[in-house]
Amino acid sequence: MEIASGPSTDSSAARTIPIDSSSILYEFKQQNLPACKPVLKPSYVITTFLLLGFIFLPIGLTTLCASRTVVEIVDRYDSECVPGAFRGNKVSFIKDSSLPKNCSRILKVRKHMKAPIYIYYQLDNYYQNHRRYVKSKSDQQLLHGLNSSNTGSCEPEESNNGLPVVPCGLIAWSLFNDTYTLIRGTKKLSINRKNIAWKSDRDSKFGKQVYPHNFQNGTLIGGGKLDPNIPLSDQEDLIVWMRTAAFPSFRKLYGRIEEDLKADDVIVVHLMNNYNTYSFGGKKKLVLSTSSWLGGRNDFLGVAYISVGGSSIILSIVFLLFHIKIPR
Amino acid sequence: MKRFVYINDDESSPTHGLYCDNRISNRKYTLFNFLPKNLMEQFSRFMNQYFLLIACLQLWSLITPVNPASTWGPLIFIFAVSATKEAWDDYNRYLSDKTANEKQVWIVRKGIKQHIQAQDICVGNLVWLRENDEVPCDLVLIGTSDPQGLCYVETAALDGEIDLKTRVIPSACTGIDFELLHKIKGVIECPNPDKDIRRLDANLRLFPPFIDNDVCPLTIKNTILQSCYLRNTEWACGVAVYTGNETKLGMSRGIPEPKLTAMDAMIDKLTGAIFVFQIVVVIVLGIAGNVWKDTEARKQWYVLYPDNDPWYELLVIPLRFELLCSIMIPISIKVSLDLVKSLYAKFIDWDREMIDLETDTPSHATNTAISEDLGQVEYILTDKTGTLTENKMVFKICCISGNFYGNEAGDASKDKRLLNAISSGSPDVVRFLTVMAICNTVIPVRSKTGDIVYKAQSQDEDALVHAAAKLNMVLTNKNGNILELRFNTLAIQYEVLETLEFTSDRKRMSVVVRDCQNGNILLLSKGADEAILPCASAGQQTRIFNEAVEQYSQLGLRTLCLAWRELKEDEYEEWSFMFREANSTLVDREWRIAEVCQRLEKDLEVLGVTAIEDRLQDGVPETIYTLRKAGINFWMLTGDKQNTAIQIALSCNFISPEPKGQLLLIDGKTEEEVGRSLERVLLTMRTTASEPKDVAFVIDGWALEIALKHYWKAFTELAILSRTAICCRVTPSQKAQLVQILKSCDYRTLAIGDGGNDVRMIQQADIGVGISGREGLQAARAADYSIGRFRFLRRLILVHGRYSYNRTAFLSQYSFYKSLLICFIQIFFSFISGVSGTSLFNSVSLMAYNVFYTSIPVLVSVLDKDLSEETVMQHPQILFYCQAGRLLNPSTFAGWFGRSLFHAVVVFVISIHAYAFEKSEMEEVGMVALSGCIWLQAFVVTLETNSFTILQHLAIWGNLIAFYVINWIVCAIPSSGMYTIMFRLCRQPSYWLTILLMVAAGMGPILAIKYFRYTYRPSKINTLQQAERLGGRFLSLGNIEPQQRLIEKEVAPLSITQPKNRNPVYEPLLSDSPSTRRSFGQGTPFDFFQSQSRLSSSYSRNCKDN
């Protein structure tokens, strides 16, 4: 019945009250804007899934290849670097500053590694993203130094003996301080430790005129110390460390080797095992890794792409069968 | 308990200033109580209390994960917006009250006639009214221009009855001189204000020198009430007894309550559920956090937990999680909903198809908050006069001495045979027309332009005189007792000797006239068939007239029989004497007169039957038919008589005639009678509930009163069982009570009416619709929606209501979806951040996500149309999805909940794996996850949008671009936490690969499920969508096609005004014919509501029309 009466009222309305019915505003007011009304046609959907699959599979393969070209050497050293006598009580070993902390590890290069080779340290079970921790820094102070009094967020490492600490906060206080020296054969491999931090951080987050002050002077020593004569913007280890990681397992850049490592090269690592991960059972690893256009070795993207691509092809086939079996 | 009104009160009287003035106020707030009252009202909603609590908690910096401004800002904004809206609404109410209050009226003060504003009338003032004035307050009449002390009022705005009512001055006031009225003094003792418009038990005592000290009783007959109109009386004068909001009308107006839609209630319920879920999450995570803290975090030396905690330390982690999860309940939902609701309302205002072209009144949504309820209406309670009907009587067809005129064309005045008979001067026809023209109390008045305007007490008489004039028998003048008629070119004069007035007992009226040409005395009568036909002379066959009456009333027409008789001179003289005697009796006057009249009205020669139509408004039967098909039940509540109500109900598809429909009458004067009657009806209802029969009950005001008082439970059961009901002679408050009953059974009710008598019901109902019609704007003002014509109701419900419901359903669930999505990610993140309550996202992103990034695309869903308007109109059954709340309920919500959980898993897992190890920088990972959410939600909106206009594309993809642009801008600010992050990410191929993977992994399964459902388990909406969008291909598959034919088949005979009555059939010949059975049988593929027992009484109305 509406077919009969609808258009008639419509046209009469248009007649009696002249209106610019072509204007977009008018169509909007009448909720009559031209609209595209897609239908989930089987052909469209099946094609979409098929297309998705055929795009994703090659991407997945490429990504996986890229990831596989990356050569990576990972060496966990935290428990090995504790002398046998202290194996039962690693915490007391690490806390005793009188004991020598040096330790040597031997790494074998399995595949040719092209420069630049990145040296990372990896910490596991380390919660840089803990709420107490992640907030405990003062961006103001890092940039402006002692001039900034806006350090309330640095609790409980805000001041020491009544004097403000620069850089304040738990993050800086717990600075990672293991050091590595790499020797290939007899020659020491030079590690480039410049430009390991983000340029933007060095330029605009950490002050060029801000020097460490009253740092690690308290009764409770956290991690590494800082050279009070080098401005914060040049303390790249600190800058890297203060880019907090989102996950309890993370790698941070230590430096770069700017020469190739050949297959079957043997590298001796002399390291200072200073940092305490023993009290909470954290692992420490040294990582040498090349990189690809995607970054480090990470098969996840490739595998995920291939599985998504694969399943969408399967899905499209299933839908196709459905469509053939049960045509509507 | 009583009030004493001193007439012509001056400052010295004891009651001066005791009662309120005549200021009408529909306002909710005053200037002073606005802020506290509005805040109180806003905080009565759970959501607002919740947000306030969260905002207060955020002030504690130890626990807040984000900046407190991110909650306070939106909160204050929301409150400001809704307060402004309320203030604006109230201001408009104030303005409309103001125009009513400032109307100029004449009153007498200190003996002098003054022109004052209506609001300044005090109780005791003498108010002067002139013809066609609206009565400004309740008055007790004390004088009129009529020598008998009569005046006529139109009470349509009060009770919906359109005939003029006679009001008379109290006996004590008769004969008071016009001049003296100014100085009249006295006291009226009347009860305190109440809302009973049929009753006033008061006394009047005039002070000397007026008459005496006798107490004169007053009844409702002596009053004229607010909102009535003075008609056919030059002037009238009365004492104000009730003023302002204390008038009978004002008392029955009631206080409007803020209305909450079913959807709002559902959203509140879901919010409550989410809140409970959130509390559970918070408790679980809080305990886990504290356990982790005590077992693990103390070992994590770099976190440096103090050894001895302050006492509140145990609460810190749970409270942190509470704040972290507080975004689960989206603060933006209220703003978004308010916004889109105002837009729905605007769409109604703008709709050109709902403009009444006759009067150029557009539809208007006064209440902008309840459009979704329109789509969920289950019961429509409608007024009759002026709502279903035009409130205009038109003479249609007639039967003159056995000849039917106008049956073919539906209009006797165009019938060739009748016109021929008139021009040839057939005596029967001429007599018939004479009776039509002069057997009445109509007064012809010549207007300035020379046209004749008829002033009629009743619309029926008006219609008859007009029709006679059209048929060349023109009543041209009435000069004292001399009537002048013009028939063709011939002028005829009659002298009116007596008028035997109409009473509701006699149901007829007669005039005795003398033909001035030949001196013959004639008795002309007209009346209801049962009052005229028994008085026919013994020799006359009345069978044909009985048939005519029967046939006409089947067509929903009001019938009147016309008759005449020639009187002998001496018979008249003799009777005239008796009549005068009866007229002067003091006891039982009315009865005596009736008896005398009876003596004259006998041996009549019946001339014929007229049929008058109180024309239904255009499209009423179709509208009712469509809406009933949409599963909406109709109740008719009218102040009118039972017979008329049933007739109208029949003619507008309300009820079906026997045997398809069955009408059950509940009547009785006493408690037992009504009880028995009710019990009987209930019994019938229960037994017929399973039959496909259309059972309706009829009840009148009196029985209703008793039923409501003593048989509340039984009546409520009846109300549930009955899809249709007719309640006649009901008062405004009874109408409201009926609405209340249906509401108490949890039905969504819509009340539609046009007069002041409907205001209560309109305000009581979930949705009130006012027809801005002839009875003034009172109903329209009180209503949530005002429309020009009844037929717009169909569009209002099926188009606007349905779209609003669908859109809000999507919008609200989507709002929860996106909030839950980001909240789940935060929760997952807390498991890898030592259950310490770290936020993965920074404050800026978090705030912008909820308020900005995700609200814009979804706002354009107000333009989404799942089905075209035409399709919905053709298949009104689809409204069932809205009525039953299929699109927003716990199970659909669970779907969205699951979706957000799934998407959160996808985003979280992909970001933590793709950005593991050396890439695991906090800001970067947060931004990757956020981008994933933004992309996913854009695709979710795309997938859930049914029709894309340019605006949708603009909002969805524009928003995505805006996300990047905004982030680039923010990332260019060195001091911001995410300095350079976005540039860094956008340069990485792995970022784009990650996003692409999230979209594919997140949307693939959703698309697959949607496609599967759409194709293999389609809902009726999907089926119609496919049919509509793929053209006729699916129609030919036999799915919908029979339904269409069925509709078309039924359309043709719908129009009552054009009955194609070659053989007028009022027996339902076709009710059992195979074709009917096929159309309504179980096999109808589209009849998908069979299982719904309440709707299953598959309604059919075709018998009458076929």
Side-chain angles (χ1 to χ4, degrees), chain A residues 1-6 9-10 12-13 16 29-31 33-37 39-40 42 45 52 56 59 63 120 122 127 129-134 156 170 174 200 204-205 222 243-248 250-251 253 276 279-280 293-296 298 300-301 304-305 308 312 315 319 326 328, chain B residues 296 299-304 347 350-353 355 357 619 622 832-834 836-838 840 863 865 870 873-874 910 912-914 916-922 925 946-951 974 979-980 989-990 993-994 997 1000-1001 1004 1007-1008 1010-1011 1014-1016 1026 1029-1030 1047 1051 1054:
Chain A
M1 68 195 69
E2 200 39 43
I3 319 169
S5 69
T9 49
D10 193 11
S12 66
T16 48
K29 285 179 170 181
Q30 300 304 310
Q31 310 189 55
L33 283 173
C36 132
K37 297 176 174 177
V39 185
L40 285 179
V45 176
L52 195 72
F56 266 50
I59 294 181
T63 326
Y120 300 102
Q122 176 173 345
Y127 288 86
N129 56 13
H130 194 280
R131 189 178 178 284
R132 262 180 85 84
Y133 188 82
V134 82
L170 289 174
S174 60
S200 60
S204 17
K205 289 274 177 189
R243 276 273 154 206
T244 48
F247 311 123
F250 57 89
R251 287 175 186 174
L253 193 57
N276 176 14
S279 57
F280 52 88
W293 57 275
L294 264 180
N298 188 347
F300 175 78
L301 275 182
Y305 263 87
V308 168
S312 58
L315 208 59
F319 279 143
I326 324 168
R328 288 167 311 146
Chain B
E296 289 294 320
K299 293 187 216 152
Q300 313 271 2
W301 54 269
Y302 51 89
V303 180
L304 212 63
F347 280 139
W350 286 330
D351 196 332
R352 296 201 71 78
E353 284 182 37
I355 295 178
L357 291 172
E622 292 91 332
I832 58 163
S833 65
S836 58
T838 319
L840 179 62
L863 292 172
K865 288 170 151 188
E870 292 76 36
M873 289 292 193
Q874 279 171 38
I910 292 180
I912 64 167
H913 283 105
F917 303 128
E918 76 277 3
K919 287 181 189 159
S920 70
E921 203 279 319
M922 188 97 173
V925 174
N946 294 295
S947 64
F948 292 92
T949 66
I950 181 83
L951 283 174
Y979 179 52
T980 70
S990 59
L993 284 178
T994 310
L997 181 66
L1007 176 68
K1010 186 172 163 130
Y1011 166 73
Y1014 188 84
T1015 316
Y1016 300 105
Q1026 288 170 10
R1029 291 170 188 188
L1030 299 177
I1047 291 170
V1051 176
L1054 267 178

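Using a 4.5 Å cut-off between heavy atoms, A/Q31 touches chain B through backbone and side chain atoms alike. If you measure heavy-atom distances from B/V925 to chain A, the contacts under 4.5 Å come from the side chain alone. Proximity to chain A (any heavy atom under 4.5 Å) is shown, for B/I910, by both the backbone and the side chain. For A/L253, no part lies under 4.5 angstrom from a heavy atom of chain B. Residue A/S312 does not touch chain B at all, counting heavy-atom pairs closer than 4.5 Å. Both the backbone and the side chain of B/I912 come within contact range of chain A, with heavy atoms under 4.5 Å apart. Contacts between A/P248 and chain B at a heavy-atom distance below 4.5 Å involve backbone atoms as well as side-chain atoms. Only the side chain of B/K919 comes within contact range of chain A, judged by heavy atoms closer than 4.5 Å.
Using cut-offs of 30° and 60° on the angle between ring planes, the pair A/F280 and B/W301 is tilted.
For the atom pair A/L301 CG and B/H913 NE2, the distance stands at 11.0 Å (nearest 0.5 Å).
For the pair A/Y120 (side chain) and A/F250 (backbone), a donor-acceptor distance under 3.5 Å is absent. A/N129 places no side-chain N or O within donor-acceptor distance of the main-chain N or O of B/M922, the cut-off being under 3.5 Å. Checking side-chain atoms of A/R132 against main-chain N and O of B/V303 turns up a donor-acceptor pair under 3.5 Å. A/Q30 contributes a side-chain N or O that, together with a main-chain N or O of B/R352, makes up a donor-acceptor pair within less than 3.5 Å. The closest donor-acceptor contact from the side chain of B/E918 to the backbone of A/G295 lies at 3.5 Å or more, if one exists at all. Side chain of B/S920 to backbone of B/A916: no donor-acceptor contact under 3.5 angstrom is found.
The residue among A/Q122, A/R243, A/H130 with the most heavy atom pairs within less than 4.5 Å of chain B is A/H130. Of the residues considered (B/D351, B/T980, B/L304), B/L304 shows the highest number of contacts with chain A, using heavy-atom pairs under 4.5 Å. With chain A as the partner, the residue from B/I950, B/L863, B/L840 showing the most heavy-atom pairs under 4.5 Å is B/L863. When each of A/V134, A/N276, A/L52, A/T63 is checked for heavy-atom pairs under 4.5 Å with chain B, A/N276 comes out on top. Listed options A/L315, A/V308, A/T244 were ranked by heavy-atom pairs under 4.5 angstrom with chain B; first place goes to A/T244.
Between A/Y127 and A/Y133, the distance separating the two ring centers is not shorter than 6.0 angstrom.
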